[in-house]
Amino acid sequence: MTGASAHTMRILAHGDAEALLTFELANRAWFERHVEAREPAFYSPGGVARHIAQYLQGHASGAWHPCVLLDGEGRIVGRANLKGIDRAEGSAEVGYRIARDQTGKGLATYALRNLIGLARTTWQLKELRAEITHANQGSAAVLRKCGFVHARDLPQLAMVDGAQIDGALYLLDLAPA
């Protein structure tokens with residue numbers, strides 16, 4: 001069922017800039033159908049290098065855990081992050097984006113389960129949050145499959161394709177059962 005067995009997930013690295021730019025450009029229109037668009041300046045070698053440096057600085061400070069998903073040939077096919085890590089509160093937000101040609105292969109579930117594992121073992125968190133637009137039912141299904149529950153609606157969550165759209169907050173309690 002899942003092609004995720006041939007995939008790996010690891011922390012983002014400075015050397016990923018060229019491959020990450022290729023991934024983001026190839027999937028830009030696809031992502032922008034579901035999430036708020038990135039600034040145009042991001043889509044350049046310098047923009048991606050700055051993005052990576054910012055995320056790795058966030059990792060060094062304990063606020064982020066940025067990852068890339070690789071296929072069997074080492075090509076970047078997804079991103080997965082813990083962001084806004086709050087050790088005192090014991091929480092973080094999850095985010096992920098999967099290449100359009102990789103959807104339906106279990107990769108988002110694989111990524112999210114890895115993030116849940118990192119949240120528990122590396123960061124000892126108690127709760128994870130996810131914010132998604134109502135139109136992104138694929139992500140909603142992945143969140144539910146991994147144990148997240150709908151907490152509340154979020155009016156005007158994001159600007160997608162020039163329109164303000166509503167979304168939802170999902171939560172996962174990481175406390176031992």
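All figures in this text were calculated on a predicted structure; none of them were measured in a lab. Throughout, residue positions are numbered sequentially from 1 according to the sequence presented.
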Residues 70-82 side chain polar contacts: donor-acceptor under 3.5 Å, at least two apart:
| from | atom 1 | to | atom 2 | distance (Å) |
| --- | --- | --- | --- | --- |
| Asp71 | OD1 | Glu73 | N | 2.9 |
| Asp71 | OD1 | Gly74 | N | 3.1 |
| Asp71 | OD1 | Arg75 | N | 2.9 |
| Asp71 | OD2 | Arg75 | NE | 3.1 |
| Arg79 | NH1 | Glu24 | OE2 | 3.3 |
| Arg79 | NH1 | His51 | NE2 | 3.2 |
| Arg79 | NH2 | His51 | NE2 | 3.0 |
| Asn81 | OD1 | Cys67 | N | 3.3 |

What pairs of donor and acceptor atoms, side-chain ones from residues 147-154 against any protein atom, are under 3.5 angstrom apart with sequence neighbours left out?
| from | atom 1 | to | atom 2 | distance (Å) |
| --- | --- | --- | --- | --- |
| His150 | NE2 | Asp153 | OD1 | 3.0 |

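When side chains are defined from C-beta on, Arg113 counts as touching Lys145, because their heavy atoms get closer than 4.5 Å. Between Arg120 and Leu118, every side-chain heavy-atom pair lies at or beyond the 4.5 Å cut-off. With a 4.5 Å cut-off on side-chain heavy atoms, Met9 and Asn114 count as touching. Within the 4.5 Å cutoff, the side chain of Leu128 has no heavy atoms near those of the Leu171 side chain. Looking at Ile116 and Leu172, their side chains come closer than 4.5 Å, going by heavy atoms from C-beta outward.
For Tyr55, there are no side chain to side chain donor-acceptor pair (under 3.5 Å) partners two or more places apart in sequence or in a different chain. Arg50 is linked by a side chain to side chain donor-acceptor pair (under 3.5 Å) to nothing, counting only residues two or more places apart in sequence or in another chain. Residues satisfying the side chain to side chain donor-acceptor pair (under 3.5 Å) test with Glu89, not counting sequence neighbours, are Ser91. With sequence neighbours excluded, no residue satisfies side chain to side chain contact (heavy atoms under 4.5 Å, CB included) with Glu18. When the side chain to side chain contact (heavy atoms under 4.5 Å, CB included) test is applied to Lys83, the partners found at least two apart in sequence or on another chain are Trp64, Glu93. A search for side chain to side chain donor-acceptor pair (under 3.5 Å) contacts involving Asp16 returns Arg10, not counting sequence neighbours.
For Asn27 against Ala99, the heavy-atom pair with the smallest separation is OD1-CA, 3.4 Å. The two atoms that bring Gly95 and Leu115 nearest to each other are O-CD1, 3.9 Å, heavy atoms only. Closest heavy-atom contact between Leu174 and Ala119: CD1-CB, 3.7 Å. Between Leu56 and Leu12 the shortest heavy-atom distance is CD2-O, 3.2 Å. Contact detail for Ala92 and Leu125: the closest heavy-atom pair is CB-CD1, 3.6 Å. Scanning all heavy atoms of the two residues, the minimum distance from Asp173 to Lys126 falls at OD1-O, 3.5 Å.
Listed for the Tyr43 side chain is no donor-acceptor partner under 3.5 Å among the backbone atoms of Leu21.
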Report task. Could you go through the side chain to side chain contact (heavy atoms under 4.5 Å, CB included) check for Tyr96 and Leu107 one step at a time? Result -> CA-CA 10 Å; Tyr96 50 87; Leu107 196 52; over 6 Å; no
Report task. Test side chain to side chain contact (heavy atoms under 4.5 Å, CB included) on Leu69 and Thr8 and set out the steps. Result -> CA-CA 6 Å; Leu69 294 132; Thr8 56; over 6 Å; no
Query - Full working for side chain to side chain donor-acceptor pair (under 3.5 Å) between Tyr170 and Ser139 - result: CA-CA 11 Å; Tyr170 283 77; Ser139 258; over 6 Å; no
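Ile11 is not connected to Ile98 by any chain of hydrophobic side-chain contacts under 4.5 Å among Ile, Leu, Val, Met, Phe, Trp and Tyr, and they are in different clusters.
Taking the six-membered ring wherever Trp is involved, the centroid distance between the rings of Phe23 and Phe31 falls below 6.0 Å.
Using the six-membered ring where Trp is involved, His59 and Trp123 have ring planes that are perpendicular, over 60° apart on the 30 and 60° scheme.
Within the model, atoms CD1 of Ile132 and NE2 of His134 stand 8.5 Å from one another, a figure rounded to the nearest 0.5 Å. Distance check: His7 NE2 to Gln102 CD gives 4.0 Å after rounding to the nearest 0.5 Å. Here the straight-line distance linking atom CD1 of Ile165 with atom CD of Gln156 works out to 11.0 Å at 0.5 Å rounding.
In Gln137, the CD atom is crowded: over 12 heavy atoms of neighbouring residues, nucleotides or ligands sit closer than 6.0 Å.
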